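Let me begin by presenting the structure, written as structure tokens, before commenting on it.
Just so you know, these numbers come straight off a predicted model, no measurement behind them. Start at 1 with the first residue, then count along the sequence.
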Amino acid sequence: GDARIHKNTMHERRNDIQGLRAWAVIAVVLFHFFPVILPVGYLGVDVFFVLSGFLISLVLNNKPPLVVSTYTNFYFKRIRRIFPLLLSTVLICSVYSVMNYSRTLFLYSERGAQYAALFMTNLKGVDEGEDYFRDLQKVEDLLTHTWSLSVEIQFYLLAPFALHLFKPFKSFSTIGYLLIIMVSSFVYFHSLSSSVSFYSTSARFWQFTAGSIAFHLQKEPGKHEELPSFVLSIGLFGRSKKGIIARLRLLPVGIATALIFWSSIFNNLEYTLRIVVTCITATLLVVKLNTPVLTNAILQMIGDSSYALYLIHWPVVCILKYYEYNSWPEKSVAVVLCFLAAFLILNYYEKWYLTLNEKSTLILIGCLYLACTSVYVIYALNEKEPPQMGSLDRRISIEEAKRINQYMDDYLEENLRFENCTLRDPSDQNPWGFCNLPPGDGSLSFLIIGNSYAANHGRMVVKHLKKHYGKIAVYTVSECEPLVETKNPYCYKAGQLQEGFLKDIETLEPEVLFISASFGR
């Protein structure tokens, strides 16, 4: 959501909200760069969700229901706030993937970019049974982190109805209505596996609703908070008179206690931490703490640029992993550069497009979508792909089958060849046979053996592990699985070939042996 509540609107600027956003994005960045330092930093995203629920309730508050302009203005502002920078990030990551990734990695990255551009990254995680923490080990998807933006956009589609159109307009009735939504979503959240609930918008709705409840419980601008005597006695928020409204405003604390008790029954630490973070955030939104811990100038600057920082930091993490820049000094420099880049993006890009009118905004978004699509279209036009055979029940002629088979043979031989290969037997044809490759920059000796899988995967080994190996060779035989008793009728002289594999292993004594093949025929 848009964390800034500008002075030129009907709402006061909440510096404490910007402070919460700053701490949230700092937690996420530290978790991704230095997971050992802050292993629960991913919970910063939960703070974002609570803030979004609060801010959306603020935006829609006192707006007339059943008026089309109420909702068109809401959707336009959300689109203008989120789409341009997200699509710009997708575009830059796509260009980077084309220029630096192998075809296999690029195809995976392309899929991630498509989901991100359509704000469906979280659905990709649910549909494919992915696990967020396992996905963080991959370097090929530069847009894994956009799952949270997908959840927010999907929430925004429902928010005007759930948080405005259908809610009662009496204060206590509104709280009861939101509590019903919150508890229902939480029960659903608790019924799912952790990997599914992590990505599910419905299972996250209780966190957005917690923010909405906090909005309806907050004190009016300029009024002093009235807190119960037990809170006053510890002097946490100052001293003023007690009141029923003040007690009601501590509702998030009561909700937290109840939900933590629920979660503790199931002995799930992750759920408990998520509840604690959600309810603490909601409570802080209610009480409006004016403390340097939330409102100092540096945190305000980080909070203002938090959207840009969130978007750009994860691609940088992936690039560092890809090139194996894993030392603390290298990562520390990268973190500083991310903060500086986010500040520049805020001042020279975000602030510009946030002033655009509806027509200019839609033109900008359309151009970005067109540019993202063009990257993959141009790549596809320049990539020699095998023809598609269509559905399994399509009848093809013998001549067409021969043509497809020949094309596939030509395609595989052309795209699986090793560069600068010196064949041991001149009668062999690259990529098949025993191939000595140029030495790398390391000291280890590598041997790669297998069938066409070894030719395919071997090129990735040659490219990405060059700094580790000194001497490297590849031995590939079409259709033949190494070191097993194959029953593949297309593997001629299988026994003789197995002896050849074993002899080369014994003779070369590689320090690292890669075996890559399709087994099980």
Side-chain angles (χ1 to χ4, degrees), residues 2 25 28-29 32 76-125 135 138-154 156 305-323 334 337-356 358-383:
D2 192 347
V25 76
V28 173
V29 170
H32 286 154
F76 168 71
K77 289 179 180 179
R78 303 281 71 72
I79 290 171
R80 183 175 63 182
R81 174 75 183 96
I82 294 175
F83 277 54
L85 188 52
L86 182 278
L87 293 175
S88 299
T89 305
V90 172
L91 176 61
I92 293 171
C93 290
S94 299
V95 172
Y96 170 83
S97 299
V98 169
M99 296 176 63
N100 294 277
Y101 279 173
S102 64
R103 183 177 185 275
T104 302
L105 291 182
F106 172 77
L107 292 176
Y108 190 93
S109 177
E110 175 189 21
R111 183 171 175 79
Q114 291 170 348
Y115 274 96
L118 297 174
F119 294 92
M120 295 171 60
T121 305
N122 66 316
L123 301 181
K124 170 176 172 278
D135 291 344
K138 302 175 182 177
V139 300
E140 58 269 25
D141 191 350
L142 302 172
L143 298 163
T144 296
H145 64 316
T146 59
W147 73 268
S148 63
L149 292 174
S150 300
V151 169
E152 290 212 25
I153 286 293
Q154 291 156 27
Y156 294 151
S305 57
S306 59
Y307 180 44
L309 178 58
Y310 183 80
L311 279 177
I312 66 175
H313 86 279
W314 176 249
V316 173
V317 172
C318 292
I319 292 171
L320 290 179
K321 289 182 179 179
Y322 183 77
Y323 290 105
L337 292 177
C338 284
F339 276 89
L340 293 176
F343 182 72
L344 293 174
I345 292 170
L346 167 69
N347 286 280
Y348 294 101
Y349 186 45
E350 280 190 83
K351 288 185 177 180
W352 167 72
Y353 71 67
L354 287 173
T355 64
L356 298 178
E358 289 87 344
K359 181 179 179 181
S360 299
T361 299
L362 294 178
I363 290 175
L364 173 62
I365 293 172
C367 290
L368 288 171
Y369 268 117
L370 181 62
C372 291
T373 304
S374 299
V375 171
Y376 296 103
V377 171
I378 293 172
Y379 178 86
L381 291 176
N382 288 277
E383 179 75 0

Gap separating the [atom1] atom of [X] from the [atom2] atom of [Y], nearest 0.5 angstrom:
| X | Y | atom1 | atom2 | answer |
| --- | --- | --- | --- | --- |
| Leu87 | Ile82 | CG | CD1 | 11.0 Å |
| Phe119 | Leu86 | CZ | CG | 4.0 Å |
| Cys318 | Tyr323 | SG | OH | 12.5 Å |
| Ile92 | Leu311 | CD1 | CG | 10.0 Å |
| Leu118 | Thr146 | CG | OG1 | 10.5 Å |

> Under the side-chain hydrogen bond (donor to acceptor under 3.5 Å, both in side chains) test, which residues partner Gln154, sequence neighbours left out?
Replying inline: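 So Gln154 forms a side-chain hydrogen bond (donor to acceptor under 3.5 Å, both in side chains) with Asn122, Thr201.
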
Which atoms form the tightest heavy-atom contact between [X] and [Y], and what is the distance?
| X | Y | result |
| --- | --- | --- |
| Phe343 | Asn347 | O-ND2, 2.8 Å |
| Ser150 | Met120 | OG-N, 3.3 Å |
| Thr144 | Trp314 | CB-NE1, 3.7 Å |
| Tyr348 | Trp352 | O-CB, 4.4 Å |
| Thr121 | Leu143 | CG2-O, 4.0 Å |
| His313 | Cys338 | CA-SG, 4.0 Å |

> Within a reach of under 6.0 Å around NZ of Lys77, are more than 12 heavy atoms found that belong to other residues, nucleotides or ligands?
Replying inline: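 Atom NZ in Lys77 is not crowded, with 12 or fewer foreign heavy atoms closer than 6.0 Å.
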
>> For Val317 and Lys321: C-alpha separation, side-chain torsions, deciding distance, then whether side-chain contact (heavy atoms from CB on, under 4.5 Å) applies.
In response: CA-CA 6 Å; Val317 172; Lys321 289 182 179 179; 3.9 Å; yes

Does the side chain of [X] reach to within under 4.5 Å of the side chain of [Y], using non-hydrogen atoms?
| X | Y | result |
| --- | --- | --- |
| Tyr307 | Leu346 | no |
| Glu152 | Trp147 | no |
| Pro315 | His145 | yes |

> Applying side-chain hydrogen bond (donor to acceptor under 3.5 Å, both in side chains), which residue pairs with at least one partner in residues 87-97 are found, sequence neighbours left out?
Replying inline: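 Those involving residues 87-97 are Ser88-Tyr349, Ser94-Tyr376, Ser97-Ser109.
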
>> Set out, in order, the CA-CA distance, both residues' side-chain angles and the distance that settles side-chain contact (heavy atoms from CB on, under 4.5 Å) for Tyr115 and Glu110, then state yes or no.
In response: CA-CA 9 Å; Tyr115 274 96; Glu110 175 189 21; over 6 Å; no

Please set out all donor-acceptor pairs under 3.5 angstrom arising from side-chain atoms of residues 359-369, sequence neighbours excluded.
residue : atom : partner : partner atom : Å
Ser360  : OG   : Asn357  : OD1          : 3.0
Thr361  : OG1  : Asn357  : O            : 2.8
Tyr369  : OH   : Ala117  : O            : 2.7

>> Using a 3.5 Å distance criterion without hydrogens, assess whether the side chain of Tyr310 forms a donor-acceptor pair with backbone atoms of Val25.
In response: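 Between the backbone of Val25 and the side chain of Tyr310 there is no qualifying donor-acceptor contact (under 3.5 Å).
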
